[in-house]
Structures are given as C-alpha cells and as structure tokens.
Amino acid sequence: YDSILEELCDNKSKYILISIMMARLTNNWKYYSMCCDSREKEYFDKEVINLLPGQVVVDGGGYTGDTYEHFCRIYESSHVKNWYLYEPDVLNMQKARINLKSEKNVVFRQAGLGEKNQYMNFVSTGTVGSKCGGEDTESIEVVSADTDITEKITLLKLDVEGMELEALKGAKRHIVEDSPILVICLYHKREDIPELINYVKLLNPKYRLYIRHYSTAHWDTVLYATL
C-alpha cells in the first residue's frame with residue numbers, strides 16, 4: 001500500500017489508510033474509532049470538497065433518497081440543477097419517490113449502475129443490503145452512466161454494494177471529459193482501496209485523492225477525487 005499512500009494528498013488521509021490497515025491486520029476495531037469523522041459529513045465533506053450551485057449529480061445507490069436529503073442539509077436544494085437517482089430495488093425506489101415527490105430536479109432511474117447496459121440477477125431486500133448476485137434473485141436493469149446521461153456531470157457518488165469498479169468503468173467518458181468530483185465507497189470489497197484508487201488515477205492522473213472514514217466499524221470509508 002506504499003504506492004497508495006503516496007497518491008493521497010493530505011496527512012489525514014494517510015493516517016486513515018494506515019488505521020484501516022491496522023484494523024484489518026489486528027482485527028481490532030479501535031483503529032476505526034481512532035480515525036472516524038461524523039457521519040453528518042459523509043459524501044459532502046467540506047474539508048475536502050466545496051460544491052458550487054448548478055450541480056449535476058449522479059447518485060449511484062440512491063436508496064430511499066437519503067443522500068439527496070443529506071445534501072440538502074449541507075447545501076440548499078437550489079445548488080442542484082439535476083440529480084440522477086439510480087436505485088434498482090423496487091421498494092427502495094418507491095420510498096425515494098415518496099420522500100422526494102416535491103423535488104422537481106430529481107430524475108428517478110430504477111436501475112443499477114454498471115459497466116454496460118444489461119440485465120443482472122439481483123437480491124431485493126428493501127434495505128441497504130440489496131445487491132447483485134446470490135440466490136433467490138430477480139432480474140434488474142443495469143445501465144452505464146455514459147450511455148444514460150448526455151449532459152455534463154459535476155459529481156459522481158457511488159455506494160453500489162461492490163459494483164463500484166464496474167460503475168466507474170461505465171462512467172469513463174464522463175470522468176475523462178467532464179472531470180466530475182468523485183465520491184466513492186471503498187469498503188464493500190477488501191480489494192477496493194487499491195483497485196478503485198488505481199483506476200481513478202488511470203483515468204485522470206490530475207485528480208487529487210482524499211480518504212475519509214465515517215464509522216467505528218469497517219464500513220463508510222469514502223474516497224474523494226477532485227481537481
């Protein structure tokens with residue numbers, strides 16, 4: 001992980017990465033507690049990103065609309081030009097449509113984000129644990145951001161239960177041409193930290209990378225990439 005440490009742009013990110021590695025090596029969760037921030041900062045941490053009005057946001061893993069609601073507690077909804085909410089779980093999407101029914105700038109897409117347009121097996125639970133694969137599955141639509149969104153995007157958030165790399169590959173054109181801020185979960189797979197960081201730097205070596213952690217357990221580790 002030495003090469004990953006070198007890619008990180010502040011000492012706090014490096015401290016967090018070392019703490020996560022220590023937690024994994026020792027199976028001692030105290031290291032997560034030592035590096036965690038408030039969950040009120042998650043995804044839109046002003047310590048590392050500051051968003052201007054006119055945002056075009058791709059919300060991968062939109063769940064029940066909670067990320068949009070969280071955004072509006074930090075910024076005004078007027079900051080958003082368009083918010084593309086992707087959520088493949090039927091029950092979650094129903095809740096999102098109810099919760100955000102008055103928000104005219106939200107585009108609801110009952111689909112997952114991936115590398116290409118296809119149908120995939122999906123375990124639908126109506127919770128944060130819904131994900132692709134497994135037994136007793138249903139078929140859901142998966143789309144790439146590059147084919148589904150034509151306008152320039154300014155922020156791409158991915159919390160897609162282990163499909164983050166595939167979703168990044170499906171947004172390659174937007175990332176290269178638009179240079180959006182990236183907000184990517186790093187904890188669903190053990191290999192996420194090196195794989196996702198290396199892929200982001202491959203697409204755009206100019207990105208400045210930061211890691212923040214928002215829980216006292218192994219989840220809620222987030223990568224921020226910004227210019």
Do [X] and [Y] make a side-chain contact, defined as non-hydrogen atoms from C-beta onward lying under 4.5 Å apart?
X      : Y      : value
Leu85  : Val107 : no
His218 : Asp220 : no
Leu51  : Phe44  : yes
Cys36  : Ser215 : no
Met21  : Tyr31  : no
Asn204 : Ser179 : yes
Ile153 : Pro180 : yes
Leu186 : Ile20  : no

Any idea which heavy atoms bring [X] and [Y] closest together, and the distance?
X      : Y      : answer
Thr154 : Gly54  : CG2-O, 4.5 Å
Val142 : Gly114 : CG1-N, 3.5 Å
Lys101 : Lys104 : O-NZ, 4.5 Å
Leu113 : Ala167 : O-CB, 3.9 Å
Pro88  : Gly112 : CB-N, 3.8 Å

Donor-acceptor contact present, side-chain [X] to main-chain [Y], <3.5 Å:
X      : Y      : value
His174 : Thr150 : no
Glu164 : Val160 : yes
Glu87  : Asp89  : yes
Asn105 : Asn82  : no

Assess the side chains of [X] and [Y]: does a donor N or O sit below 3.5 Å from an acceptor N or O?
X      : Y      : value
Tyr84  : Asp148 : no
Glu103 : Tyr68  : yes
Asn99  : Tyr63  : no
Thr147 : Asn117 : yes
His70  : Glu42  : no

Hydrophobic cluster membership, [X] vs [Y], 4.5 Å side-chain cutoff:
X      : Y      : value
Tyr43  : Leu155 : yes
Leu156 : Leu52  : no
Ile211 : Leu158 : yes
Tyr1   : Leu25  : no
Leu8   : Val222 : no

List the steps and the verdict of side-chain contact (heavy atoms from CB on, under 4.5 Å) for Met163 and His188. CA-CA 9 Å; Met163 289 282 289; His188 292 115; over 6 Å; no
For [X], all residues meeting side-chain hydrogen bond (donor to acceptor under 3.5 Å, both in side chains), sequence neighbours excluded:
X      : answer
Arg208 : Tyr210
Glu166 : none
Thr221 : His213

How far does [atom1] of [X] sit from [atom2] of [Y], to the nearest 0.5 angstrom?
X      : Y      : atom1 : atom2 : answer
Asp59  : Arg109 : CG    : CZ    : 13.5 Å
Lys95  : Thr64  : NZ    : OG1   : 7.0 Å
Tyr214 : Arg39  : OH    : CZ    : 11.0 Å
Thr226 : Tyr207 : OG1   : OH    : 8.0 Å
Glu115 : Leu165 : CD    : CG    : 8.0 Å
Ile4   : Leu209 : CD1   : CG    : 8.5 Å

Got a sec, which residues hit side chain to side chain contact (heavy atoms under 4.5 Å, CB included) with Gln94, two or more places apart in sequence or on another chain?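 Checked Gln94 against side chain to side chain contact (heavy atoms under 4.5 Å, CB included); matches are Val90, Leu91.
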Among residues two or more places apart or on two chains, list those pairs meeting salt bridge (charged side-chain N to carboxylate O under 4.0 Å, His left out) that have a residue in residues 189-207.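 Non-adjacent pairs meeting salt bridge (charged side-chain N to carboxylate O under 4.0 Å, His left out): Glu7-Lys201.
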Sequence neighbours left out, what pairs pass side chain to side chain donor-acceptor pair (under 3.5 Å) with at least one residue falling in residues 9-18?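 As it turns out, the side chain to side chain donor-acceptor pair (under 3.5 Å) pairs with a partner in residues 9-18, which skip direct neighbours, are Asp10-Ser13, Asp10-Arg212, Lys12-Asp37, Lys12-Glu47, Ser13-Arg212.
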Please evaluate residues Trp219 and Tyr187 with respect to the criterion ring-ring contact (aromatic ring centres under 6.0 Å, His included), reporting the C-alpha separation (whole Å), side-chain torsions for both, the decisive distance (0.1 Å), and the verdict. CA-CA 6 Å; Trp219 49 83; Tyr187 61 91; 7.9 Å; no
Determine, for Glu151 against Lys81, whether the closest basic-nitrogen to carboxylate-oxygen distance falls under 4.0 angstrom.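 Salt bridge: yes.
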Parallel under 30°, tilted from 30 to 60°, perpendicular over 60°: which one fits the rings of Tyr75 and His79?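 Tilted.
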Among Ile193, Val183, Leu182, Ile184, exactly one meets side-chain contact (heavy atoms from CB on, under 4.5 Å) together with Leu223. Which residue is that?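 Output: one option passes, namely Ile184.
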